[in-house]
Structures are given as C-alpha cells and as structure tokens.
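Have a look at this one before I ask anything.
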Amino acid sequence: MIRYERLLVPHEHLDVLIEPAAGEIHAALAAPPRDAPLLDTTLGKLRAALAARLELKRPVIVTGHQPEFYHAGVFAKTSAAHTLAQAHGGQAVSLLVDSDVPKTACLVVPQQTAHGLRRVEVAIPGCDPNQPFEAQPRVTRAAWLQCFASVAALYEFNDQSLLPVYARAWLTTEDAAPEYCTVYARAQAAVAAELGLSSVRELRVSQLCATPEFRVFAAFLVLNAPRVAEAYNVAQAAYR
C-alpha cells in the first residue's frame, strides 16, 4: 500500500524518496501475482497472454511518460525499473504515452551569461499542441539538426552531458522526415544504453491498445462503468 502522507518532496540535496519502501517492492515482486476474474477469462491469463504476445520476460516492471523532453528526475524511474527487473530476472518496460498531446511547443534551455543564468526557449520543430504525439506532423531531419544545434550552442555543458548521444541517435535515420515517436524512442534507448540500461524495452500506448488483451480489459471497464467510477472516486478521495 502506498502511504500518501510520505509523498513529500525531499528538502536536502541528493535526498531520495522511495514509496513504497524498497523492501516492500522486492517482496511484492517475489510473491505470486494476484489474479481475479475478468469477463470470461482471468487477469492472470490476460497478463500471461500479453507478455507472450509482446515477448516480455516476466515479471514486467513498467514505468513511462509522455514522449516529450523531460528532466533527469523522470528518467530515474527507468533506472529504477531496470534495477528491479535485473534483480528479479524480469523485463523493464518504458511505456510511451503517445496518445497524449504535447504540453509545450518549446524546449527550455538554461544559458549561463555574464549577467547570470537565463532561460531560453528553443522551438520544437513542427510541434502541434492540438495533435497527440502519435499524430505529430513529420518535419525534416534538417529541422531537427538545427534544433539540436541551437540547444548545443546555448547549453554550456552540452559536451559533458548525454545530449550529444541523444541527438546522434535521433538524427541517425534514412528518413528525410522521420516519424516523431520512432526517433524519440531511438534516442531514449541510446541514452539508456549509454547508462548501462540496455535491457529496457520501449513500448507505445498505441501498440498496447491494439492488442486483444487490452481490449478485453477496456471492455470490462465499460461494462462495469458504475463500479469503476465508484472505485475511482473512493480512491481519489482517500488520496486527497
């Protein structure tokens, strides 16, 4: 059980918050997975079938985020998932929520100047905040090259960071106007590999939603809408 009262931002530099506690997480992964009836099947059968379909080694440790340029604190979840998967002989998955829309059309870069630190916004090529990530318009590789060059020129520590690794992976494509989520996943995987997290699998929500197992789960939610809404509202009230 997650103790919501513990979900507070640490105050000290390099402090770490893990909730539930690490020991509880390892114990949960070592225990047999829970099962429950679901329409004419069970959650356990769906779980096993989905893992087989996607060629995932169980237990599967899932983290994820929208496919946007996020900070290292979010990427820490990928590192944690990898560590847990390695410890339990399973598979770490980073789920790209490509069904969501971009929150911003700019990449914020900190620039050190003679007058101090300033915030500079670099436009994300072709970004349309009204379209989900999976339907973002294709833009030329040259436009992405210019974007990463602009970031490199602004960011004092570019060469000491993982940005060159990220940019090379993004730009290494034969497609003159690559599909956004494809190059995003490639760049994320390159950074993970550079950090020794090469076993992390990138998976999109759009891929997951196309599976029969997910559709059974979605059908269960729709057919039991009043129960689902009640359970959600109770959980939300407890959290707040």
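Quick note: numbers below take in every heavy atom, side chains included, and nothing from hydrogens, waters or symmetry partners. The chain is numbered in sequence order, starting from 1.
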* Asked: Taking a hydrophobic cluster as the set of Ile, Leu, Val, Met, Phe, Trp and Tyr residues connected by side-chain heavy atoms closer than 4.5 Å, whether directly or through intermediates, do L43 and V60 fall within one such cluster?
  ->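 In one cluster with L43: V60, no.
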* Q188 vs F75 side-chain heavy atoms within contact, under 4.5 Å ->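 Of all side-chain heavy-atom pairs linking F75 with Q188, at least one is under 4.5 Å.
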* To do: Run the numbers on L50 and L208 for side chain to side chain contact (heavy atoms under 4.5 Å, CB included), then give the verdict.
  => CA-CA 9 Å; L50 184 62; L208 186 63; 3.8 Å; yes
* Find the distance between CD1 (I25) and OG1 (T83) and round it off to the nearest 0.5 Å. =>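 Separation between the atoms: 11.0 Å.
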* Taking only residues two or more places apart in sequence, or in another chain, which ones meet P110 in a side chain to side chain contact (heavy atoms under 4.5 Å, CB included)? ->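 Counting only residues at least two positions away or on another chain, P110 forms a side chain to side chain contact (heavy atoms under 4.5 Å, CB included) with L117, Y155.
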* How far apart are the closest heavy atoms of P67 and C181, and which atoms are they? ->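 The answer is CG-SG, 4.2 Å.
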* Looking only at non-hydrogen atoms, find the nearest pair between T211 and R53 and report the distance. =>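 In terms of heavy atoms, the two residues are closest at CG2-CD, 3.9 Å.
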* Asked: Above 12 or not: heavy atoms from other molecules or residues under 6.0 Å from OH of Y70?
  ->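 Check passes, neighbour count above 12.
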* To do: Find out whether E134 and P132 are in side-chain contact, i.e. whether some heavy atom of one side chain is under 4.5 Å from a heavy atom of the other.
  =>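 E134 vs P132: side chains touch.
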* Can you tell me if H71 uses its side chain to pair, donor with acceptor, with the backbone of G73 under 3.5 Å? ->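 Yes, because the side chain of H71 sits within donor-acceptor range (under 3.5 Å) of the backbone of G73.
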* May I have the step-by-step check of side chain to side chain contact (heavy atoms under 4.5 Å, CB included) for E156 and Q111, ending in yes or no? => CA-CA 7 Å; E156 180 183 1; Q111 183 188 32; over 6 Å; no
* Got a second to check how far F217's CZ is from F220's CZ, nearest 0.5 Å? ->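 With rounding to 0.5 Å, CZ (F217) is 8.0 Å from CZ (F220).
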* Asked: Distance from D175 atom CG to T182 atom OG1, nearest 0.5 Å?
  ->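 It comes to 8.5 Å.
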* Asked: Say you draw a straight line from NZ of K45 to CG of D35; how long is it, rounded to the nearest 0.5 Å?
  ->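 Reported value, rounded in 0.5 Å steps: 8.5 Å.
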* Asked: Any side-chain heavy atom of S79 sitting closer than 4.5 Å to one from L197?
  ->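 They are in contact (side-chain heavy atoms under 4.5 Å apart), so the answer is yes.
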* So I61 and V93, side chain to side chain contact (heavy atoms under 4.5 Å, CB included) or not? Walk me through it. -> CA-CA 6 Å; I61 316 298; V93 169; over 6 Å; no
* Check: E68 and P102 side chains under 4.5 Å, non-hydrogen atoms ->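 In short, these two side chains do not touch, never coming nearer than 4.5 Å.
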* Could you check whether the rings of Y180 and W144 sit parallel, tilted or perpendicular, using 30° and 60° as the cut-offs? =>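 Taking W144 first and then Y180, their aromatic rings sit tilted (interplane angle of 30° to 60°).
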* Note, N130 side chain near V101 side chain (heavy atom, < 4.5 Å) ->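 Counting from C-beta outward, N130 and V101 never come under 4.5 Å.
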* For G126 and Q136, which heavy atoms make the closest approach, and how far apart are they? ->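 Distance-wise, the nearest heavy atoms are O-OE1, 3.9 Å.
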* For the atom pair CG (L46) and CG (L39), what is the distance rounded to the nearest 0.5 Å? ->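 CG of L39 is found 8.5 Å from CG of L46.
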* To do: Could you pull out the closest heavy-atom pair between H26 and A87, with the gap in Å?
  =>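 Nearest heavy atoms, H26 then A87: CE1-CB, 4.1 Å.
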* Cluster question for you: counting only ILVMFWY and a side-chain heavy-atom cut-off of under 4.5 Å, with indirect links fine, are Y232 and L221 together? ->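 No, Y232 does not connect to L221 through the hydrophobic network.
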* Asked: Sequence neighbours excluded, which residues qualify as salt bridge (Lys or Arg N to Asp or Glu O under 4.0 Å) partners of E19?
  ->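 Counting only residues at least two positions away or on another chain, E19 forms a salt bridge (Lys or Arg N to Asp or Glu O under 4.0 Å) with R3, R6.
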* Asked: Looking at SG of C127 and NZ of K103, how far apart are the two atoms once the value is rounded to the nearest 0.5 Å?
  ->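 The SG atom of C127 sits 11.5 Å away from the NZ atom of K103.
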* Asked: Any chance CD of E55 has more than 12 other-residue heavy atoms, nucleotides or ligands included, within less than 6.0 Å?
  ->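 Counting other residues, nucleotides and ligands, CD of E55 stays at 12 neighbours or fewer.
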* To do: Write down the atom of V97, the atom of F133, and the distance for their closest heavy-atom approach.
  =>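 Shortest heavy-atom contact: O-CD1, 4.0 Å.
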* Do V122 and L162 belong to the same hydrophobic cluster, where Ile, Leu, Val, Met, Phe, Trp and Tyr are linked whenever their side-chain heavy atoms lie under 4.5 Å apart, directly or via other members? ->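 Yes.
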* Sole residue of R204, R138, R186 in salt bridge (Lys or Arg N to Asp or Glu O under 4.0 Å) with E179 ->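 Per the salt bridge (Lys or Arg N to Asp or Glu O under 4.0 Å) rule, the option paired with E179 is R204, out of R204, R138, R186.
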* **Aromatic contact, W170 with F69 (centres under 6.0 Å)** =>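 Yes, they do, as the ring centres are separated by less than 6.0 Å.
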* To do: Group every Ile, Leu, Val, Met, Phe, Trp and Tyr by side-chain heavy-atom contacts under 4.5 Å, then state whether L96 and V205 land in the same group.
  =>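 Cluster IDs for L96 and V205 differ.
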* Asked: Taking all atoms of both residues into account, what is the closest heavy-atom pair of R141 and P178, and its distance?
  ->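 Residues R141 and P178, closest heavy atoms: N-CD, 4.1 Å.
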* To do: Show your working on salt bridge (charged side-chain N to carboxylate O under 4.0 Å, His left out) between E213 and R215 and close with a plain yes or no.
  => CA-CA 5 Å; E213 294 78 18; R215 289 174 177 175; over 6 Å; no
* Would you say T104 and P129 make side-chain contact, with heavy atoms under 4.5 Å? ->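 Heavy-atom side-chain distance check fails, nothing below 4.5 Å.
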* **L171 vs R168 side-chain heavy atoms within contact, under 4.5 Å** =>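 With C-beta onward as the side chain, the pair stays apart.
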* **Derivation of the side chain to side chain contact (heavy atoms under 4.5 Å, CB included) call for R201 and Q91** => CA-CA 8 Å; R201 169 92 172 269; Q91 173 80 61; 3.6 Å; yes
* If two hydrophobic side chains count as joined below 4.5 Å and joins carry through other members, does L107 share a cluster with Y166? ->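 In one cluster with L107: Y166, yes.
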* Asked: Less than 4.5 Å apart, any side-chain heavy atom of Q112 and any of R118?
  ->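 Contact flag for Q112/R118 side chains = no.
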